[in-house]
Amino acid sequence: MIAHIIVDVPVSRTNRPFDYRVPAWLSPLIQVGSRVVVPFGPRKLQGYVVGISENTEHGVDEDRLKDVEQVMDDTPPLTAELLKMSEWMSGQYLCPWVTAVQAMLPAVLKGKAQKWLTASDQLDERICANSGLLWELLRKRQLPLAEVEKQFPDEYMLIPGWIHSGLITTEYQVKDRITKKQQSFVKCLLSPEQMMEVLGSLSARADQMRRVLELFLQHPADSFSIQTMRDEFGVNRSALKSMEAKGWVAIEQVEVYRDPYANRRFVERKKPAFTLRQQEVLAPIIRSIQESSYASFLLHGVTGSGKTEVYLEAIEHTLAKGREAIFLVPEISLTPQMVERFKERFGADVAVLHSALSQGERYDEWRKIIRKQVKVVVGARSAIFAPFQNVGLIVIDEEHESSYKQEETPRYHAREVALWRAKENGAVLLMGSATPALETYALATRGRYTLLEMPDRVGHRPMPQVHVVDMREELHAENRSMFSRLLHEMIADRLKKQEQMVIFLNRRGFSTFVMCRSCGYTLNCIHCDISLTYHKSNHTARCHYCGYTIAQPAHCPECQSEHIRFFGTGTQKVEAELAKLFPGIRVIRMDVDTTSRKGSHEELLSKFRQGQGDVLLGTQMIAKGLDFPRVTLAGIIAADTSLHLPDFRAAEKTFQLLTQVGGRAGRHELEGDVVIQTYTPEHYSIIHATRHDYPAFYQDEMLQRRRTGYPPYYRLVLITFSHEDVPVVIRGAHVLGDFLRQRVASTTILLGPVASPIARVKDRFRFQIMLKYRDEPNVTELLTQATAAFEEWNKQQKVLMTIDVDPYVLL
DNA sequence: AGCACGCCGACT
DNA sequence: GTCGGCGTGCTC
């Protein structure tokens, strides 16, 4: 039996399966998709079985093959579908196959190979007497090399000699980081008759023991955790221990799932009646679910139109059909509110995967999925890899969100992976947004997705009234405050009426850089070509790319002036201004500083919900998904800071942001107002946002994209090169650029090589090539060839190259 | 990627 | 003569 295995060496040279013999004792355990340990050259590595057959397939005689050393799990963590999907991703996103596989598995399964030192039999107390390292080794038998290096740095160079003389040996071990949570459970060993007997003979003082026995008399077959015994029956551990000693009960360790929601009670909520519009959009979705064949929908519904109810109903129909559902949400909106809604509706059938979980908790949720103990997964981007076997529905909420794009290898887009998975499984793909991505809407208008519209809010609640304030006029009217007169007035009004407000600070593209007011000198990173950002908490200036940090200088390093300040409006500054203008105002501020602690995000929101604050003040993180009945005003400070970024999606992102924030106001009985403060009120993204007119924005923006040659008219591939030496990186970029230029279609545009917008990061110079194409059917094939040619040249160099297919970040 | 092997310069 | 620098090549 021969296993074809990809190993954990994510470089193109080793990006292919290697053949291994399967020893007889492992053959019952090994399967396609198994995680294994194999010898690879002089080391030992983790690998994944991608095929099993009777013969070798990769050019080596069978008798020269090495043996698979270990199979790591009793059930393979990769299903056949995931394996196929990872192979597709590797081609689509030009990443090593094993990297795609790793992206699908919880972090604890990514085993790292470690070198260990082992004591041989020759080692004795006499030899070890004057070496701390050998003494330690004699005691423990084995030590990881990395630890030895730290603990005994001065003996480190003696190791090769000891190995040579046979005192110690080295060995590789692959260890994953799996930890399973254990809990003690108590069960009764006595028959009911025996219990009665014991109860009768029990001392009058043995109160706790009596309670335990009475409990077991009522539930003879059950077992109870030690916690339950303590918390609910007032029986402490020592009483149970002595009962164990008498042989009445047994205490055993049972593996339990970490459940972050264990202490919460979820009340089932009644389904609201559907509006006519909801019924209309649901009809074709449900029909497709019933047919169990591939279909895709774009649900374009304004904020407050009741999209979530449509999703939940679709999921319910999928479960009724005996199939499973994946629900994707943007990282930022995986709020407790959202989770609650799912737990209320689907109870224990839901697994939740979000970034706040510890690695262990994440692994436990993942195991519930692979063991078929849940039917629904709610999660951010990577939840698209949930190891279900029979996916019937994939929902992508806020489909336009950029967090669905992974910004490191594999640089996949969850929407694209979802589309593949839906087609593969004959499943329904349902994408929803109030402001769909241009690419998605364009495909929907061309019939690739069925377009479903929900133009009205539930209950015919009006869209909020949107007011645009031209901040230039405010300045002319001598108002230098960050609040316009209108916003000021409305805040005062809401305070009087005791209604709540959301104030949103647009921080996109608004960095807090440090500049000297006297000579214009800005603080820059010495390793990267970008300015340092100011951090108030510890009074430092820090580089976002490499972490280089200096203390905020008191004097300008150039001209010695004292007038060196940080620029940019922070939430703290807005909070201070609010306090000054409206004495006694209660502000709940949400930003990185106030939400860094685990659970603090949730805490702040629930405080606001309970009315302990008048204003919820924050950045991006308060823009989405929040639904508070008493909020009747949304204020947007500096709406257009995100408009002037060197990003072809700047207008789109601004429109989305304004629409989303505007959607926070007046969602319930009370009507809402939105105030947008801007210096460019004439910009089409702002005009259309005030009128809630997505189609008009779409038309205008499509004209721009056509004019400038950007998606959806052109598709992009960004190839970035980096190296310490400018001439080397330029040569590398040209090797690849020339290869492509000779082969691309005449309609394809090749830009570069040019220096990247951020030309240096971590002391490496960066150059890039941008490929813009419309009719290039074999782009991935072409890029694969180009990569091979580049690798051939790169053998002598060490130029790093990354390929980003359909990039979001162009820096 | 890691690691071994191998071929040249500066030391005991 | 050997120790160790890092270029080159391979991993079933």
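As the structure is a computational prediction, the values presented were derived from the model and not from experiment. So that the names make sense, note that chain A is the first sequence line, chain B the second, and so on, each numbered from 1. Below, all heavy atoms of this structure are taken into account, side chains as well, without hydrogens, waters or symmetry copies.
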Rounded distance (Å) that lies between atom [atom2] of [N] and atom [atom1] of [X]:
| X | N | atom1 | atom2 | answer |
| --- | --- | --- | --- | --- |
| A:Asp67 | C:dT11 | CG | C1' | 16 Å |
| A:Asn794 | C:dG9 | CG | P | 14 Å |
| A:Lys795 | C:dG9 | NZ | C1' | 9 Å |
| A:Arg21 | C:dC12 | CZ | P | 12 Å |
| A:Leu45 | B:dA1 | CG | C1' | 9 Å |
| A:Arg64 | C:dT11 | CZ | P | 8 Å |
| A:Ile6 | C:dT11 | CD1 | C1' | 15 Å |
| A:Tyr48 | C:dC12 | OH | C1' | 18 Å |

### Message
Counting only heavy atoms not in A:Asp63 (residues, nucleotides, ligands), do more than 12 fall under 6.0 Å from its CG?
### Response
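Counting neighbours around CG of A:Asp63, more than 12 heavy atoms of other residues, nucleotides or ligands fall under 6.0 Å, so yes.
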
### Nearest-0.5 Å distance, CD of residue A:Glu62 to CZ of residue A:Arg21
7.0 Å

### Query
So do the side chains of A:Phe765 and A:Asp725 get within less than 4.5 Å of each other, counting heavy atoms only?
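No, their side chains stay 4.5 Å or more apart.
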
### Message
So A:Ile326 and A:Leu328, do their side chains get closer than 4.5 Å, heavy atoms only?
### Response
yes

### Query
Where the side chain of A:Lys66 is defined as all heavy atoms beyond and including C-beta, which of C:dT11, B:dA4, C:dC12 is the nearest nucleotide?
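Per side-chain heavy atoms of A:Lys66, the pick is C:dC12.
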
### Message
Just to be sure I understand the rule, does A:Tyr20 reach a base, reach only the sugar-phosphate, or reach nothing, if contact means heavy atoms closer than 4.0 Å?
### Response
sugar-phosphate

### Query
Which part of the nucleic acid, if any, lies within reach of A:Pro39 when heavy atoms closer than 4.0 Å are counted: base, sugar-phosphate only, or nothing?
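Here A:Pro39 touches the backbone only, sparing every base.
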
### Query
Taking N and O atoms by type only, does the side chain of A:Arg43 place a donor or acceptor under 3.5 Å from a partner on the base of B:dA4?
no

